[in-house]
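Residue numbering restarts at 1 for every chain, and letters A, B, ... go by the order of the sequence lines. As a basis for the values below, the full set of heavy atoms in this structure was taken, side chains included, without hydrogen atoms, waters or symmetry mates. Here the structure is a predicted model, which is why all the values come from computation and not from measurement.
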There are 2 protein chains.
Amino acid sequence: MNNYQTPLRDIDFTLFELLDYASHCRAIGHASLDRELTGAFFGEAARFAEDVLAPLGPVGDQQGCKLVDGKVITPEGFKEAYEHYCDAGWPTLSRSVAYGGQGLPQSLGVILSEILGTPNWAWGMYAGLSQGAMHTIETHGTEQQKQQYLPALISGRWTGTMCLTEAQAGSDLGLLRTRADPQADGSYQISGTKIFISSGDHDLAENIVHIVLARLPNAPVGTKGISLFVVPKVLINEDGSLAATNGVSCSSLESKMGIHGNATCVLQFDGAKGWLLGEVNKGLNHMFTFMNLARIGSGLQGLAHAELGYQKSRLYAQERLQMRSLTGVKNASGPADPIIVHPDIRRMLLTQKSLVEGIRMLSYYTTIKMDASQHAISAGERQQATDLLSLLTPIVKAFSTEAGFESANLALQCLGGHGYIRDWGLEQNLRDCRIATLYEGTTGIQSLDLLGRKVLGSGGKTLAPLLDEITYLCRSCNGNELLAAHAAQLTRLSQEWQQLSMNIARQAQHNPDEIGAAAVDYLMYSGYLVLAFLWLRAQQTALQQLARPVTDSGFYRAKLAAAEFYFARILPRTMSLVKAMESGADNLMNLSSADF
Amino acid sequence: MNNYQTPLRDIDFTLFELLDYASHCRAIGHASLDRELTGAFFGEAARFAEDVLAPLGPVGDQQGCKLVDGKVITPEGFKEAYEHYCDAGWPTLSRSVAYGGQGLPQSLGVILSEILGTPNWAWGMYAGLSQGAMHTIETHGTEQQKQQYLPALISGRWTGTMCLTEAQAGSDLGLLRTRADPQADGSYQISGTKIFISSGDHDLAENIVHIVLARLPNAPVGTKGISLFVVPKVLINEDGSLAATNGVSCSSLESKMGIHGNATCVLQFDGAKGWLLGEVNKGLNHMFTFMNLARIGSGLQGLAHAELGYQKSRLYAQERLQMRSLTGVKNASGPADPIIVHPDIRRMLLTQKSLVEGIRMLSYYTTIKMDASQHAISAGERQQATDLLSLLTPIVKAFSTEAGFESANLALQCLGGHGYIRDWGLEQNLRDCRIATLYEGTTGIQSLDLLGRKVLGSGGKTLAPLLDEITYLCRSCNGNELLAAHAAQLTRLSQEWQQLSMNIARQAQHNPDEIGAAAVDYLMYSGYLVLAFLWLRAQQTALQQLARPVTDSGFYRAKLAAAEFYFARILPRTMSLVKAMESGADNLMNLSSADF
């Protein structure tokens, strides 16, 4: 049942029509990245995604990874696909020119990872984590480390991982115990057990560069005693050739609900040779360089599964014949009407459409801010983009993965009993999707980051740039009745958002648990609000396009319908969230733990 | 990780303290069924569930069923467990005394199926579908058919199935094509292919009695041309002994997301010998005898997975140490506090608790109405119970399975990454749970049944008995401040419910799609409303108990906390649902099918 098609039209719309990516690229010094060139590039990636990666999706699920004589074997075809990926030069896209990269904007790499990851997220994770490791070395490595690791990583000959979690240290990295003992030669002996290491071992590349959190002897307890190390699977000679294997091994593979094609490893570090990356005891700060990028990447996973599910369920709804429309036969020549005539099927499809395309807008909007935070010309613009990026990152991660799961779940529901059967791919899609609200910081952790650190930690200041953009957009909607009604709704919400933030801040002064009690509802509220902002922009853009002679007016009519649906049927969810937040912490905290 | 405990305390509370089951049993002629006797009976079932069925849950998931040389092999231990079940006399519980049953109330059988199904739903389905088949034969069979099939079915020596679905006929049974050709001896030759047949073949019993929907030659098209047949896997001699195998075979097993321990079969009927059950062309009506029971049973599946998930996640939250409470260290002797100190973990646990125990109240309340609809002394009481049962059945099925899935999903979330790993059982629980909103009529189908047939079809009259009970309860809350606030909330909602029903009825006169456009939101709204009614009763009951000297005051305090939480944080979801309903059908129907 592989008929996956990369949503190139929507990618193009979101980037160029909605977000004016061409101007953005010019502003950050990449004037050559126009609509035509990026379109050709995405088109090439799309063919690979559709022809090679999509058929390997179910193969990866059914075969999974195997640990044979201490070596991890990936599913059939994964290695060949990875070779193709490297030959095409894709790993080099957003990486430093000095070490063999193409130096193109990070945003382009993020969208590439969406295109490749959507039909086969498990495969995409090998490439994705490697990007995170490179980014960390680019940012925190010494010149020698960069020269030693980056060229092979950037070419794709080697891959990278991030080794954080231990059995007793998940969300609470302060509890981690892996030891780093200094050696006379300036290296460290790394000893400990890491779990849940995605892409932790495999047969795609000749070496794997692990980025590892560990403690020096006598380091302070908690998060302030953690340092970051680079630990290659195979040691490297001075000339860059491979030497002996290091003391890192995969002792087992986790049996998981989904993403079977990706090896989730328990890694043993038995006095493995490692080198400090960045400063002693600053490991957790350094790690956030990677984590912030990874959080955007995990948000994309919500988008990926939502897109895949929407495509499959839409096609099914257009073809599956069951019952007649209540308003009269629509398919007289057939034994029944296609189920897309039924209002509830449309409700499920439009929920998916408004979430999928909404998350796509959110992701691209955020990734463009990521570029701007580094490469905008003025310091003021860089700072503003940094603030906005900092606010949006936990929303992208948590909202997109929660909404993505809802969307993938509705996709399965559209197929009735057939959704539960392996053949259609909807059940794999839901299983694969389920990890996304958990790793790289759960929804709860993201929500504390958003509300506690970003919003309350700044005294509400980080809300300002987004509120400014919302005000600006709403003003521009005056004069159009359709837009003005939604603009009024959005304006009310943005005022409510500020009020809510202030109320929680006030309550938290008396009881810090008020933050945790409101956090997830606050994050979801914020996500719905940002999507409303983006859907209003999309509606405005679609109306502008339809005022001209366009060939694909159906595409824009569908945008208008999705915007209308979103404001009418999704955005009111904020009402329930507000009530829940306003109810305060007492209804959570009063019951004693033992009485649960 | 098997530490499942049957929630006997909550079963006892719900039945005897909340719903006065003892009086109910006296009123329907079962005065002997007092609290002590049922408690002993449930206790015995609980031991079997905990000791035998719970450990077989993961075994069933990992081994699945196998089709070997045309025979279906169930997972190791399933057959022995089934023998124990029969030896204990459990299949006989609610069945006709005339054919070997114990003639006890249906409600007792429903709760038994909850107790046995919770730790291992896949196993429970073998027994559960059999009960449905017996119920159908009891209701529609001739005396001869009853004598022929019921004793062996009731003893458990044989099991039964329900064969409805075909590849082209899922929700739309009118499209089914299986043929029934009359034979000279009064029997029929049944030919066709049925899919998705749960427990369709297996090695637990020596014979399987299939209840099959098929069409006579020249039967009217659509649902009015469907008849019901009984088709044994092995033919039966006049003396009741087994003869030759019939022309029914399992041609393949479906690969599914979960419930791997249950054989979901494609069944080929190749001119199999069958006998008409009930009247010609009344098959679909007859089938609803079974379906209504099966829908209550599927609702229980939502309860089962929600209970299992809640138990596991609660235990994890009480033991897992990560981070410190924001209001000060709670576990000074440990490296961190148990995660149950964190507000968001409590939010997830209390959501589960209020849904699990809420669904349990809803299920028992409904199953008691089921008893009363058949056995209440006065015709008026029987009619009132029948009306209420008819209203509640689609709510029990759809709301309980949707809420059950949400609950099971939050359970997984509480464990962070560990929730995604097989060992903890939470991911199996979620996979197993996912079927429940699909089979026995999807959530969409149930919602049309509720809103279109039950509510609008009766001109709103079926709402009356429940509204009366709500009014009565709310009046009894006067004088207690805690209860009165919730009673006021509930009263407002019950008025809104009537108003909504009338509004939709009015709109549907102009556009029948308004029913489908509102149906699922209406059903969920109704579910939240009924749960509010039951949580208010539970709160009242708990307050009454706490006013006396009780030994387990913690149990009642937890009831109060869950009620408080439910009204503060769950019930406000109705606000968003109302907004969505009020937005009408246009935002669903205006987009052309091709533009999606």
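Residue contact with chain A, scored on non-hydrogen atoms closer than 4.5 Å, involves the backbone and the side chain of B:Phe596 alike. Contact of B:Gln168 with chain A is made through the backbone alone, with heavy-atom distances under 4.5 Å. When heavy atoms are compared at a cutoff of 4.5 Å, A:Glu582 does not approach chain B at all. Of the atoms belonging to A:Val341, it is backbone heavy atoms, and not side-chain ones, that fall under 4.5 Å from chain B. Residue contact with chain B, scored on non-hydrogen atoms closer than 4.5 Å, involves the side chain of A:Gln318 exclusively. For A:Ala508, no part sits under 4.5 Å from any heavy atom of chain B, backbone or side chain. For a residue to count as touching a neighbouring chain, one of its non-hydrogen atoms must lie under 4.5 Å from one of that chain's; by this rule B:Thr443 touches chain A with backbone and side chain alike. Heavy atoms of B:Ala594 lying under 4.5 Å from chain A belong exclusively to its backbone. With a 4.5 Å cut-off on non-hydrogen atoms, B:Ala517 touches chain A through its backbone and its side chain both. With a 4.5 Å cut-off on non-hydrogen atoms, A:Ala169 touches chain B through its backbone but not through its side chain. With a 4.5 angstrom heavy-atom cutoff, A:Ala568 touches chain B via backbone and side-chain atoms both. For a residue to count as touching a neighbouring chain, one of its non-hydrogen atoms must lie under 4.5 Å from one of that chain's; by this rule B:Ala167 touches chain A with the backbone only. Neither the backbone nor the side chain of B:Asp552 comes within less than 4.5 Å of any heavy atom of chain A. Using a 4.5 Å cut-off between heavy atoms, A:Ile259 contacts chain B through both its backbone and its side chain. For B:Leu412, the parts lying under 4.5 angstrom from a heavy atom of chain A are both the backbone and the side chain. In this structure, chain B has heavy atoms under 4.5 Å from both the backbone and the side chain of A:Asn409. Heavy atoms of A:Arg324 lying under 4.5 Å from chain B are absent altogether.
B:Met575 and A:Met575 make their closest contact through CE-CE, 3.8 Å (heavy atoms, listed as atom of the first residue, atom of the second, distance). Counting all heavy atoms, side chain and backbone alike, A:Arg569 lies closest to B:Ser583 at NE-OG, 3.3 Å. Taking both residues in full, the closest heavy atoms of B:Gln322 and A:Asp172 are given as OE1-N, 2.9 Å, listed atom of the first, atom of the second, then distance. The minimum heavy-atom distance between B:Ser576 and A:Pro572, with the atom names listed, is OG-O, 3.0 Å. Annotation for A:Thr327 and B:Pro512: closest pair CG2-CD, 3.9 Å, computed over non-hydrogen atoms. Taking each heavy atom of B:Leu175 and A:Pro335 in turn, the nearest pair found is CD2-O, 3.6 Å.
Here A:Leu588 contributes atom CG and B:Arg347 contributes atom CZ; the two are 8.5 Å apart, rounded to the nearest 0.5 Å. Annotation: the span from A:Met589 atom CE to B:Ser325 atom OG amounts to 6.0 Å, rounded to 0.5 Å.
The side chain to side chain contact (heavy atoms under 4.5 Å, CB included) test with B:Ser593 is passed by exactly one of A:Arg314, A:Arg346, A:Lys330: A:Arg346.
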Per-pair distances, 0.1 Å, donor-acceptor, side chain in residues 415-422 of chain B, under 3.5 Å, sequence neighbours excluded:
unit_1: B:Tyr420; atom_1: OH; unit_2: A:Gly258; atom_2: N; d: 3.1
unit_1: B:Tyr420; atom_1: OH; unit_2: A:Arg431; atom_2: O; d: 2.6

